[in-house]
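Working notes, beginning with the structure itself.
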Amino acid sequence: MTTDTTTKTPAPAAVPPPGAAPGKKRVTHGHRRLLTRRDRFTLAVMAGVPTVLHVILVWVTAIASILLAFTTWDGIAFDSIKWVGLDNFRQLFTENPQFWPAVQHNLIWFAALILVPTPFGLFLAVQLDKRIRFTRVYQTAFFLPVVISMACIGFVWQLVYNPDTGLINSIIGANEPGHYIDWIGDPDLNLWAVLIAASWRHAGYMMILYLAGLKSVDPSLREASALDGANEWQTFRHVIFPTLRPTNTVVLVVTIIEALRAFDLVFVFNKGAQGTELLSILVTDNIIGESSRIGYGSAIAVVLLVISLAVIIPYLIATFRKERRA
């Protein structure tokens, strides 16, 4: 009688996963911190230092200027600060012969920038958007004055307006004795001479803003307009320009700010005298000038601040409303 014996192979022992000790459960650790103490300190310094400087140089000084606008102070000792209420503003609006001409010049500055260099910048942007040859070279050439400081631009245009050796007088033959044209010293000409220099710089700024707006226009709009038989001017007027409404808003706000904060160019030309008075020049003359009327200069600065906020706040409100609707 034969007995069949079946040999069973024992099952292999379970192999523990790599890194796990046999016989022990793997302990799950909490979320590991990604930033070390040194990283947190570096981020705190990088974020804290600019914040502190911004608060001190912007908010503290702005609040201090508003408070000082209602006082008289010679800027020497804090105990000499005296509260006068609205007296500085009363003198400013009724007794200062330079205030209203300065306001008028700021308005002329804005009108000149919005009527001359802004359309010219739009024209340049439209031409460069056609991808003509050497478009990068042209963009660099027109945008170069924007990256140059206003003080340097003032010195350059001083050479252009020089009565003896200036470019303009040399071309028109007004550099001879008895035929001089004093572009900077003549009160009837100097404001317009400064505006030409400011427009030269502002046109490049507007060109870049409009060029960025044109790059965001949907190409299908141009194609649809061409299929409808519209020419280039009709396409721009009825299709392209309406889509530039957000860019036009930015251009308007930027131009107003540029007109209100105009200072460097005028100060380099003739320090804001003889027909080129501006609000910023009056603030500087009263605060750091020989008179040292800190409170009176602060009152002028507050007027300039109110005008600026009257323009900026509606723009911010309109922008936030559009973001909420979107």
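- Counted by atom type alone, Asn162 and Gln158 present zero donor-acceptor pairs between their side chains at under 3.5 Å.
- Under the 3.5 Å distance criterion, with hydrogens and angles disregarded, a donor-acceptor pair is assigned to the side chains of Asp74 and Ser80.
- Side-chain contact between Val160 and Ile168 is present, with heavy atoms from C-beta onward closer than 4.5 Å.
- Side-chain contact between Leu279 and Phe263 is absent, with no heavy-atom pair separated by less than 4.5 Å.
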Please tabulate, for side-chain N and O atoms in residues 191-211, each donor-acceptor pair with protein atoms closer than 3.5 Å (sequence neighbours left out).
residue	atom	partner	partner atom	Å
Ser199	OG	Leu195	O	2.7
His202	NE2	Thr255	OG1	3.4
Tyr210	OH	Asn248	OD1	2.8

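- Linking ILVMFWY side-chain heavy atoms closer than 4.5 Å, directly or via other members, places Ile288 and Ile300 in a single hydrophobic cluster.
- In this structure, Arg237 has no salt bridge (Lys or Arg N to Asp or Glu O under 4.0 Å) partners at least two apart in sequence or on a different chain.
- Using a 30° and 60° split on the angle between ring planes, Phe78 and Trp73 fall in the parallel class, below 30°.
- Put simply, the residue from Thr71, Ile294, Leu67 that forms a side chain to side chain contact (heavy atoms under 4.5 Å, CB included) with Ile81 is Thr71.
- For the 3.5 Å distance criterion, the side chains of Asn190 and Tyr161 fail to qualify, holding no donor opposite an acceptor.
- Contact annotation: the side chain of Ile172 approaches that of Ile181 to within less than 4.5 Å [non-hydrogen atoms, C-beta and beyond].
- The salt bridge (Lys or Arg N to Asp or Glu O under 4.0 Å) search around Lys82 returns none, not counting sequence neighbours.
- Annotation: side-chain contact (heavy atoms from CB on, under 4.5 Å) contacts of Val137 (sequence neighbours excluded): Phe134.
- Between the Ser225 side chain and the Arg222 main chain, no donor and acceptor come within less than 3.5 Å of each other.
- Considering only heavy atoms from C-beta on, Ile171 comes within 4.5 Å of Leu167 through its side chain.
- For Thr42 and Asp39, the side-chain atoms include no donor-acceptor pair closer than 3.5 Å.
- The distance from atom CG of Asp182 to atom CG of Asp164, rounded to the nearest 0.5 Å, is 9.5 Å.
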Give the table of side-chain donor-acceptor pairs shorter than 3.5 Å for residues 111-127, with sequence neighbours excluded, one pair per line with atom names and distance.
residue	atom	partner	partner atom	Å
Thr118	OG1	Leu113	O	2.8
Gln127	OE1	Lys130	NZ	3.4

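- Taking the six-membered ring where the residue is Trp, the centroids of Trp157 and Phe269 are separated by 6.0 Å or more.
- There is no side-chain donor-acceptor pair under 3.5 Å between Asp264 and Ser149.
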Give every donor-acceptor pair under 3.5 Å between a side-chain atom in residues 212-221 and any protein atom, sequence neighbours left out.
residue	atom	partner	partner atom	Å
Lys215	NZ	Asp129	OD1	3.4
Ser216	OG	Gly213	O	2.7
Asp218	OD1	Ser220	N	3.2
Asp218	OD1	Ser220	OG	3.1
Asp218	OD2	Ser220	OG	2.8

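- Taking 4.5 Å as the limit, every side-chain heavy atom of Arg40 sits out of range of all side-chain heavy atoms of Thr36.
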